[in-house]
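To start, the structure itself, in C-alpha cells.
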Amino acid sequence: MRRLLPLTLLLSLALPAAASAQNPWLEKRVLNIAHQGGEDEFPSNTLYAFKKSVKAGADMLELDVGVTKDGKVIVSHDTTLDRTTDGHGTISSKKLKQIRKLDAAFWFAKGGDDAYAHDKPRKAYKFRGVATGKRKPPKGFKRRDFRVPTLKEVMKAFPRTPINIEIKGRTPDEATEEYVQNAEVLAALLDDTQRRDLIVVSFIQQAVDRFHELAPAIDVAPGVDGSAAFLLRGESPGDGVVAFQLPITYQVGDQVLDVTTAPNVAKAHAAGYAWHTWLSNDGESPATWRQLIDQCVDGVMTARPVAFEKVLRGHPAPEACG
C-alpha cells in the first residue's frame with residue numbers, strides 16, 4: 001500500500017466502541033506478511049516469490065489483484081505491465097492469454113534501492129527468460145512460477161497460508177468505479193470459497209463496502225474513509241473489519257508524524273481490531289522491525305520476509321503484548 005493517508009486521518013486516534021465479535025487475527029501476533037511475496041528479495045507477486053517466502057517462514061502472503069479485459073482476476077501490483085514484466089500497457093486492456101505469455105521476473109534484479117530498475121547490466125536480471133523458456137528455472141521450480149499468476153492459482157498453491165488481497169483500480173484514472181467493479185469481480189470469484197484465512201482491503205472504502213456486501217463471510221480491512229471514522233470519530237470502521245493496515249509515519253513537508261505507536265496499537269486492540277503495519281514509505285531495517293514488534297503490532301507487511309523472519313525468531317513480541 002503506497003499511497004499516503006490524509007493528514008487528518010493520522011493526527012488523532014480516538015478509541016471507538018469495542019468490536020462485537022472475537023477477532024482471531026488478534027491471536028496471530030506477530031505475522032510475517034510477505035508484501036508482494038517479498039518484492040525486494042524475490043520477483044514481485046510471482047509464485048516463485050510466494051513459495052520462497054513461505055519456505056523462509058512467512059506466515060501470510062500479501063498480494064494485489066486486478067482484472068483483465070476478459071474479466072479474470074490476476075495478481076499484480078501496478079496499473080500497467082511495464083515496470084516488472086516484458087509487457088506494455090494496462091492490465092485492463094489485455095486478455096489473460098496475453099498476460100500468461102509475459103515474463104513477470106523480467107526486470108527483477110535483487111539489491112540496490114530499486115529491485116526493478118531498468119538500467120542495470122543485463123546479467124543482473126538473473127531470472128529473465130525463465131518464464132519464456134529461454135533460461136532453465138531454479139531447481140524445484142517451473143516456468144509458470146515466474147509468470148503473472150491468477151488469484152485462483154495462488155490460492156490453490158497455498159491452501160493453508162493466509163492471504164491478504166488488495167483491490168486495485170486498473171487504469172491511470174484510478175476512478176472509484178474501477179475499484180468497485182474490481183471488488184465485484186473478486187467477490188464473484190470468492191463466492192463459494194470456504195476459506196476463512198483471507199483479508200480483503202482497498203484504499204477505496206466503497207470497494208471494501210461493496211465486496212463485503214457481496215461476500216460477507218470474508219474478513220476485510222477498511223479503506224481511508226473507514227479508517228477515518230474509527231480514528232477520528234470513534235465510529236465503526238465498517239462491517240466485517242478485523243484489522244487496520246497503516247504505515248509507520250506520515251510526512252508533512254519536513255515534519256514526520258508517528259502513526260504506528262504502542263498507544264495507538266493498544267487502542268485498536270482494546271476496540272477488538274488487529275494492527276498490520278506496511279513499510280513501503282518508511283524503509284526497512286532490523287531496528288525498525290524490532291521497534292514494531294515491541295509496539296505489539298499483529299503483523300508486519302515486509303518486502304524482505306527472509307530477513308524479517310531472522311529478526312523475529314530472535315526478538316519475539318514482549319509478554320506484555322498478550
Side-chain angles (χ1 to χ4, degrees), residues 1-14 16-17 19-21 23 25 35-36 62-69 71-80 90-93 151 163-191 193 195 198-247 250 259 268 271-276 278 280-281 301:
M1 304 172 106
R2 295 181 183 273
R3 293 183 185 173
L4 293 175
L5 302 181
L7 173 60
T8 54
L9 170 59
L10 303 172
L11 285 175
S12 172
L13 292 172
S20 59
N23 184 352
W25 296 97
H35 188 267
Q36 298 179 41
E62 189 275 347
L63 53 81
D64 311 89
V65 294
V67 179
T68 63
K69 185 177 182 179
K72 305 302 181 181
V73 179
I74 66 160
V75 177
S76 182
H77 178 271
D78 297 358
T79 298
T80 69
T90 62
I91 287 171
S92 60
S93 68
L151 181 58
I163 302 176
N164 196 89
I165 304 169
E166 182 178 350
I167 301 168
K168 297 284 193 180
R170 277 296 173 260
T171 77
D173 291 339
E174 292 287 294
T176 296
E177 291 76 12
E178 299 174 26
Y179 284 82
V180 172
Q181 182 178 3
N182 286 358
E184 293 173 346
V185 175
L186 177 63
L189 175 67
L190 298 178
D191 180 62
T193 185
R195 294 186 62 161
L198 310 175
I199 298 179
V200 172
V201 64
S202 179
F203 279 103
I204 304 301
Q205 187 63 42
Q206 292 93 324
V208 176
D209 292 342
R210 181 57 174 158
F211 176 84
H212 179 70
E213 180 183 4
L214 297 173
I218 298 175
D219 293 335
V220 298
V224 172
D225 291 346
S227 297
F230 174 86
L231 299 175
L232 299 179
R233 301 189 297 275
E235 300 173 358
S236 168
D239 294 338
V241 169
V242 295
F244 287 91
Q245 298 179 346
L246 297 169
Y250 180 75
V259 178
Y273 301 106
W275 188 294
H276 299 157
W278 49 274
S280 299
N281 295 318
M301 294 183 175

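We count residues from 1, following the sequence as given.
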Partner residues of D219 under the side-chain contact (heavy atoms from CB on, under 4.5 Å) criterion, sequence neighbours left out = W25, I199, V242
Out of curiosity, L151 CG to I163 CD1, how far, rounded to the nearest 0.5 Å?
-> 6.5 Å
Roughly how far apart are I91 CD1 and K72 NZ, rounded to 0.5 Å?
-> 16.0 Å
When rounded to the nearest 0.5 angstrom, what distance separates CE in M301 from CG in L246?
-> 10.0 Å
Just do the side chain to side chain contact (heavy atoms under 4.5 Å, CB included) check on H77 and E166 with the steps written out, would you?
-> CA-CA 9 Å; H77 178 271; E166 182 178 350; 5.7 Å; no
Identify the two heavy atoms, one from S236 and one from A229, that lie closest to each other, and give their separation to 0.1 Å.
-> O-CB, 3.7 Å
Distance, nearest 0.5 Å, that separates CD1 of I204 from CD of E174 = 8.0 Å
Of all the heavy-atom pairs spanning G71 and V185, show the shortest one and how long it is.
-> O-CG1, 3.8 Å
Do other residues, nucleotides or ligands put more than 12 heavy atoms under 6.0 Å from Q205 CD?
-> yes
Under the side chain to side chain contact (heavy atoms under 4.5 Å, CB included) rule, what do V201 and V220 come out as? Steps first, then yes or no, please.
-> CA-CA 6 Å; V201 64; V220 298; over 6 Å; no
What pair of heavy atoms forms the shortest contact from V241 to P222, and how long is it?
-> CG1-CD, 3.6 Å
Can you sort out the partners of F244 under ring-ring contact (aromatic ring centres under 6.0 Å, His included), two or more places apart, ordered by chain and number?
-> F230, Y273
Between A268 and W275 the two heavy atoms that sit nearest each other are CB-CE3, 3.7 Å
Just wondering, do D64 and Q36 contact through their side chains at under 4.5 Å, heavy atoms?
-> yes
How close do A187 and L214 get, heavy atom to heavy atom, and via which atoms?
-> CB-CB, 3.6 Å
Counterpart residues, side chain to side chain donor-acceptor pair (under 3.5 Å), relative to Q206 (two or more places apart) = none
Could I get the full list of side chain to side chain donor-acceptor pair (under 3.5 Å) partners for E184, not counting sequence neighbours?
-> R210
Residues in side chain to side chain donor-acceptor pair (under 3.5 Å) contact with D78, at least two apart in sequence or another chain | R83
Set of residues satisfying side chain to side chain donor-acceptor pair (under 3.5 Å) with respect to N182, sequence neighbours excluded = none
Can you check whether I218 reaches T193 side chain to side chain, under 4.5 Å on heavy atoms?
-> yes
Which value, rounded to the nearest 0.5 Å, describes the distance between S92 atom OG and I74 atom CD1?
-> 10.0 Å
Please name the pair of heavy atoms, one in Y179 and one in S202, separated by the smallest distance, quoted to 0.1 Å.
-> CD2-OG, 3.4 Å
Candidate list Q245, E62, H276, test side-chain hydrogen bond (donor to acceptor under 3.5 Å, both in side chains), partner N164, passing option = Q245
Point-to-point distance, once rounded to the nearest 0.5 Å, from CG of L198 to CG of L190 = 6.5 Å
